[in-house]
Each structure stands twice: as C-alpha cells, then as structure tokens.
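When a ligand or atom number is given, it counts from 1 through the structure's own listing order.
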Amino acid sequence: MDDMIRKAAADLAASRHAVALTGAGISVESGIPPFRGKGGLWEKVDPMVFGNIETFEREPAKVWEVLIKDLKELVDQARPNDGHKGLARLEELRILKTVITQNVDGLHQMAGNTDVIEFHGNCAWQRCMDCGSRIPTAETDISRLPPRCKCNGVLRPDWVFFGESIPVNAMHRARQAAASCDLMLVVGTSAVVQPAAYMPVIAKQSNAKVIEINPQRTPLTRNVSDYLVKGPAGEVMNAIFAELDKLL
Ligand code: NAD
C-alpha cells in the first residue's frame, strides 16, 4: 500500500490535467451507503427495482416513501469527507480540472470543486412530470406523497433513474473530459454502471494514466487501470497528500 501511495503522489505531482470519476463509495465515509455494499437503505430496497423509472411512473408514492425520502434525509445530513476534500484540494493545486460524478448528493460542490459533471443528475432539485418546472428539494412539501407541483403534476427528483438516458450535455462533457486528461482518478465506483464505467476506457485510449482508489477490485482493475490504491477514499487521499506535499 505504501508503494502505491508514493506512486500515486508522484503521478499526481507530474499531472497537468487530471480528471476524477467518482461513485457512491466516495460518500460512504460521509454516511451515505453505496448501492452494492452492506448497509442501511439498500438492504431494505432493491435499487434496480425502486430506482427504475418504470416503477416510479407506476407507483410514485411508494418510491418516494421507501427510497427518495430516506435518501434525501441521508443526503441532508451528509457533509464532505476527506475524500471529497482531497479532490477539492487537488483542484486548488491546479492538478485536477474536472470531477465526473455518478453521485447525486452534491458533496463535491460542497467540498469546493467548481467543475463537477453530474452524470446522473442530483437530488437537490425536483422536476414536475407534467409541466417540467424545477423546484429546489428543500422547498418541496413532502408531508403528502408523492409531492406535487402547483399544476398538480407529480414531482420527481432531477436525477437519472435506471431506464433513463444520461443528459446529453453531461455525456458530451464527460467524454471530452475523459479524452483530454493525462490522468484519471477513479474513486469509489464499482464500475459496472454504463456508460459511466466507460469513461476510464476513453481516458486509457487517450494515453492517460488511470488510478483506482477503492477497498475492492473492480472490472477495471488490471484491464484498464494502471494500478489500484486499496482502501477507503478519505484515508487513501490523506496518505497521498502526506507524500504529495513533500513533492510540491
Ligand atoms: P456502487 O454502489 O455500485 O459501488 C460502490 C463502490 O465503492 C464499490 O466498488 C465499493 O468497493 C467502493 N467503496 C465502498 N466504500 C468505499 C470507501 N470508503 N472509499 C472508496 N470506495 C469505497 O456505486 P457506483 O459505482 O457509484 O454505482 C451505483 C449508482 O449508485 C450510481 O449511479 C450512483 O448514482 C448511485 N448512488 C449514488 C449515491 C450518492 O449519491 N452518494 C449513493 C448510492 C448510490
């Protein structure tokens, strides 16, 4: 592990245009459980069923009750951890240019990253399924479910449900970012949800170094990634900075 930390610090020190791809794992140390791990929310609900647009269209009140309300509560309480803060510091150092995130929790922006591509949208906003109005989640009345717009349409989170396409602009920008970086940090993603998992492949094809930070191996490990730094994101990021600070 120490060797990998030193290697990652050296590669980051040499990078002029790094991009990060993050997944649910980076927010675990902030108290939000990932999809494919043990913990709270996802043991009660199957994300592939309740996170699917068809289920939401059929039973919006139920999806609000068993998924969105609890997730909203977790996100409301969550604050950036050392993993998010590390990425913000890499931006301050002008090493990291862009974060592509699959997360919907807004923690990268809260940590201070300024160019965040929200590949799967976010839960900070609700959108009316009838008139398309957007309303901040904080101003949404959830005393009766599903919450409704002034026009009486059902409100849905402005995120990408399973079964929906990635917003065109996010897709376009993410591909561009992946193709133009010299290093991609892949943090806390199981790399099984497409097309997000393809971004490191684009980076690799463009000759970027691909470094994973994750306690577990993923389908990218060895095939696409140059190496894996094994461990929780916050802990690994602090260890990398302890080395990086000596090099800058
Ligand atoms: P995932 O749940 O499929 O995989 C999580 C990954 O994080 C695993 O590889 C796991 O080994 C790793 N991990 C666990 N703890 C970690 C830690 N402390 N540090 C670093 N890595 C850790 O997540 P995914 O690949 O992002 O794909 C699932 C989908 O889940 C995404 O589309 C995302 O939108 C959604 N999701 C988002 C949130 C959020 O916004 N915080 C939470 C749950 C799910």
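Close N/O approach between A24 and ligand 1 is found [any backbone or side-chain N/O within under 3.5 Å]. In terms of polar-atom proximity, A233 is counted as a contact of ligand 1, with an N or O under 3.5 Å from an N or O of the ligand. The shortest N or O to N or O distance between E29 and ligand 1 is under 3.5 Å.
With values rounded to the nearest 0.5 angstrom, I117 atom CD1 is found 11.0 Å from T22 atom OG1. With rounding to the nearest 0.5 Å, the separation of CG in D82 from CG in L87 is 11.0 Å.
Considering G231, G31, G25 only, the shortest heavy-atom separation from atom 14 (C) of ligand 1 involves G25. Of the candidates V229, N103, N214, it is N103 that places a heavy atom closest to atom 37 (C) of ligand 1.
When heavy-atom distances to ligand 1 are checked against a 4.0 Å cut-off, P34 comes that close through both its backbone and its side chain. Residue-level proximity to ligand 1 for D105 is carried by backbone and side chain together, each with a heavy atom below 4.0 angstrom. If you look at V104 next to ligand 1, the close heavy atoms, those under 4.0 Å, come from the backbone and the side chain alike. Proximity of A196 to ligand 1, defined as any heavy-atom pair under 4.0 Å, is not found for any part of the residue. In V193, the part holding a heavy atom less than 4.0 Å from any atom of ligand 1 is the side chain.
Side-chain heavy atoms closer than 4.5 Å link hydrophobic residues (I, L, V, M, F, W, Y) into clusters, and following such links, possibly through other members, connects M4 to M237.
Numbered from 1 in the order shown, with element, the atoms of ligand 1 that lie under 4.0 Å from a heavy atom of Q216 read 11 (O). Near P215, meaning under 4.0 Å from one of its heavy atoms, ligand 1 places the atoms 13 (N), 16 (C), 20 (C), 21 (N), 22 (C). Numbered from 1 in the order shown, with element, the atoms of ligand 1 that lie under 4.0 Å from a heavy atom of P33 read 42 (C), 43 (C). Of all atoms in ligand 1, listed by their number and element, those nearer than 4.0 Å to a heavy atom of S27 are 41 (N). For ligand 1, the atoms closer than 4.0 angstrom to any heavy atom of I32 are 41 (N), 42 (C). Residue-ligand proximity, P232 to ligand 1, at heavy-atom distances under 4.0 Å covers atoms 17 (C), 18 (N), 19 (N). Close approach of ligand 1 to G23 is summarised as follows: ligand atoms under 4.0 Å from at least one heavy atom of the residue are 26 (O).
Checking D3 against Y227 by side-chain atom types alone, no donor-acceptor pair falls below 3.5 Å. Side-chain contact annotation: S225 with E212, donor-acceptor N/O pair under 3.5 Å present.
Under a 3.5 Å cut-off, the side chain of D105 and the backbone N or O of L107 do form a donor-acceptor pair.
For R58, the CZ atom sits in a packed shell: over 12 heavy atoms of surrounding residues, nucleotides or ligands are nearer than 6.0 Å. By the 6.0 Å contact criterion, CD on E54 is open, its count of non-hydrogen atoms from other residues, nucleotides or ligands being 12 or less.
Of the charged side-chain nitrogens involved, at least one lies within less than 4.0 Å of a carboxylate oxygen, so that E65 and K69 count as a salt-bridged pair. A salt bridge is defined here as a Lys NZ or Arg NE, NH1 or NH2 lying under 4.0 Å from an Asp or Glu carboxylate O, and R148 with D130 fails to meet this definition.
Residue P47 places no heavy atom under 4.0 Å from ligand 1.
Taking Ile, Leu, Val, Met, Phe, Trp and Tyr as members and joining any whose side-chain heavy atoms lie under 4.5 Å apart, directly or through other members, L247 forms no hydrophobic cluster with any other residue.
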